[in-house]
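In this text the structure is predicted, and so the values were computed from the model without any measurement. A, B, ... follow the sequence lines: proteins, then strands. Residue 1 opens every chain.
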2 protein chains.
Amino acid sequence: MALQAGGVSDDVARRLRERGIRPSVQRVAIARVALASHRHPSADEVWEQVKERLPMVSRATVYNTLNRLVEEGLLRSFASAQGHTVFDPNTAPHHHLVDDATGTIYDLPWEALAVDGVDALEGFEVRDFQVVLHGRPTRRSR
Amino acid sequence: MALQAGGVSDDVARRLRERGIRPSVQRVAIARVALASHRHPSADEVWEQVKERLPMVSRATVYNTLNRLVEEGLLRSFASAQGHTVFDPNTAPHHHLVDDATGTIYDLPWEALAVDGVDALEGFEVRDFQVVLHGRPTRRSR
DNA sequence: GCACTTTTTAGACCAAGTCTAAACATTGAG
DNA sequence: CTCAATGTTTAGACTTGGTCTAAAAAGTGC
Ligand SMILES: [Mn+2]
Ligand SMILES: [Mn+2]
Ligand SMILES: [Zn+2]
Ligand SMILES: [Zn+2]
């Protein structure tokens, strides 16, 4: 398949190439969805969205590509409260608030919370951390 | 089957009865393992340990009982970093440190860390929270 | 155009977890 | 004590998120 000329896709293709990932049509479509998401989608949710534009894309390609993007540092993945893997295009440190009623995961900026005592922990070498909160949004924004 | 006379089982049986859970032999055996664990075992890990004493116990009974213990507040459950459900007999607030190399989850006392800013969060109603750290133990204690 | 490499695909496979329906155990009314 | 009703356990079927496989398709370099 021929590459498109559009701006967004080119930008995504460039980011893939920078990491040594050949930007096939499928990979660009998957990366566009996953990297632009403001949610924390599962692989199957990404697959559903990608299929709207590229109906023949296979489930294996979506899983392989998302895992590759994680390896190359363009995405992070973690297990949701329900135990399913979700992908997070925000690779900078930040906190998470989980609405257990809906499963929605909200980002909180790193600066919104201060954690004290990590450096003083005895017996552990800490590589990174985050605060995980459970609750729900009040205003119907976000 | 007849109930045993031993002290630990009686204590577990009492805790089950208090919550309206009839203390069958299977449930007492499962609860003994899960409530005494200092690790954060999965259901299948509990099953393996229970089978040493009660070889005929079924997987369904282990899952049903553990879920019942969570409902009744004697256990908590959450998804591990690998996305598998684990059970935690420590129902008081505390933090968790995950060794990603081994999957081991360590408890940190609530007082070991201070989180500031939760009350000031705009747009969210927070029910509870904890700090999740990734790292590894230094000394070979614990 | 042709060999070679990389990627994608459909579907098999796997493992954690749930559900089902029958067997088994316990309870208590008579 | 008997036996019917109720509660519990069981084996195994089923579901689902995720991985693996082997063949087809696409891309690359000459
Ligand atoms: Mn799994
Ligand atoms: Mn699941
Ligand atoms: Zn996030
Ligand atoms: Zn714990």
Donor on one side chain, acceptor on other, A:Gln130 and A:His94, under 3.5 Å:
no
Give a yes-or-no answer on whether the side chains of A:Asp107 and A:His96 include a donor-acceptor pair shorter than 3.5 Å.
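Per modelled atom types, A:Asp107 and A:His96 side chains form a pair under 3.5 Å.
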Can you sort out the partners of B:Ser58 under side-chain hydrogen bond (donor to acceptor under 3.5 Å, both in side chains), two or more places apart, ordered by chain and number?
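Expected list: B:Thr61.
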Output the rounded distance in Å from [atom1] ([X]) to [atom2] ([N]).
X: B:Leu69; N: D:dT8; atom1: CG; atom2: C1'; answer: 15 Å
X: A:Leu16; N: C:dT6; atom1: CG; atom2: C1'; answer: 15 Å
X: A:Arg68; N: C:dT6; atom1: CZ; atom2: C1'; answer: 10 Å
X: A:Ile21; N: C:dT7; atom1: CD1; atom2: C1'; answer: 13 Å
X: A:Trp47; N: D:dG17; atom1: CH2; atom2: P; answer: 11 Å
X: B:Phe78; N: C:dG17; atom1: CZ; atom2: P; answer: 13 Å
X: A:Glu71; N: D:dT19; atom1: CD; atom2: P; answer: 11 Å
X: B:His84; N: C:dA16; atom1: NE2; atom2: P; answer: 6 Å

Test side-chain contact (heavy atoms from CB on, under 4.5 Å) applied to B:Glu125 and A:Leu97, A:Asp99, A:Thr138, the passing residue
A:Thr138
Only pairs at least two apart or in different chains count here, so list each salt bridge (charged side-chain N to carboxylate O under 4.0 Å, His left out) that has a residue in residues 37-47 of chain B.
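Residue pairs passing salt bridge (charged side-chain N to carboxylate O under 4.0 Å, His left out), neighbours aside: B:Asp44-B:Arg59.
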What pairs of nitrogen or oxygen atoms, one from the protein and one from nucleotides 9-11 of chain D, lie under 3.5 Å apart?
residue, atom, partner, partner atom, Å
D:dT9, OP1, B:Ser24, OG, 2.3
D:dT9, OP1, B:Gln26, OE1, 3.4
D:dT9, OP2, B:Arg27, NE, 3.4
D:dT9, O3', B:Gln26, NE2, 3.1
D:dT10, OP1, B:Met56, O, 3.1
D:dT10, OP2, B:Ser58, N, 2.9
D:dT10, OP2, B:Ser58, OG, 3.4
D:dT10, OP2, B:Thr61, OG1, 3.0

Please determine if a side-chain N or O atom of A:Asn67 lies less than 4.0 Å away from the OP1 or OP2 oxygen of D:dG18.
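For D:dG18, neither OP1 nor OP2 has a side-chain N or O of A:Asn67 closer than 4.0 Å.
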Counting just side-chain N and O atoms, does B:Tyr63 come under 4.0 Å of either OP1 or OP2 of C:dG17?
yes
Take atom CZ in B:Arg136; do more than 12 heavy atoms of anything else shown fall under 6.0 Å from it?
no
Looking at every strand, decide which applies to A:Thr85 at a 4.0 Å heavy-atom threshold: base, sugar-phosphate, or nothing.
sugar-phosphate
Is the closest basic N to carboxylate O distance between B:Glu48 and B:Lys51 below 4.0 Å?
yes
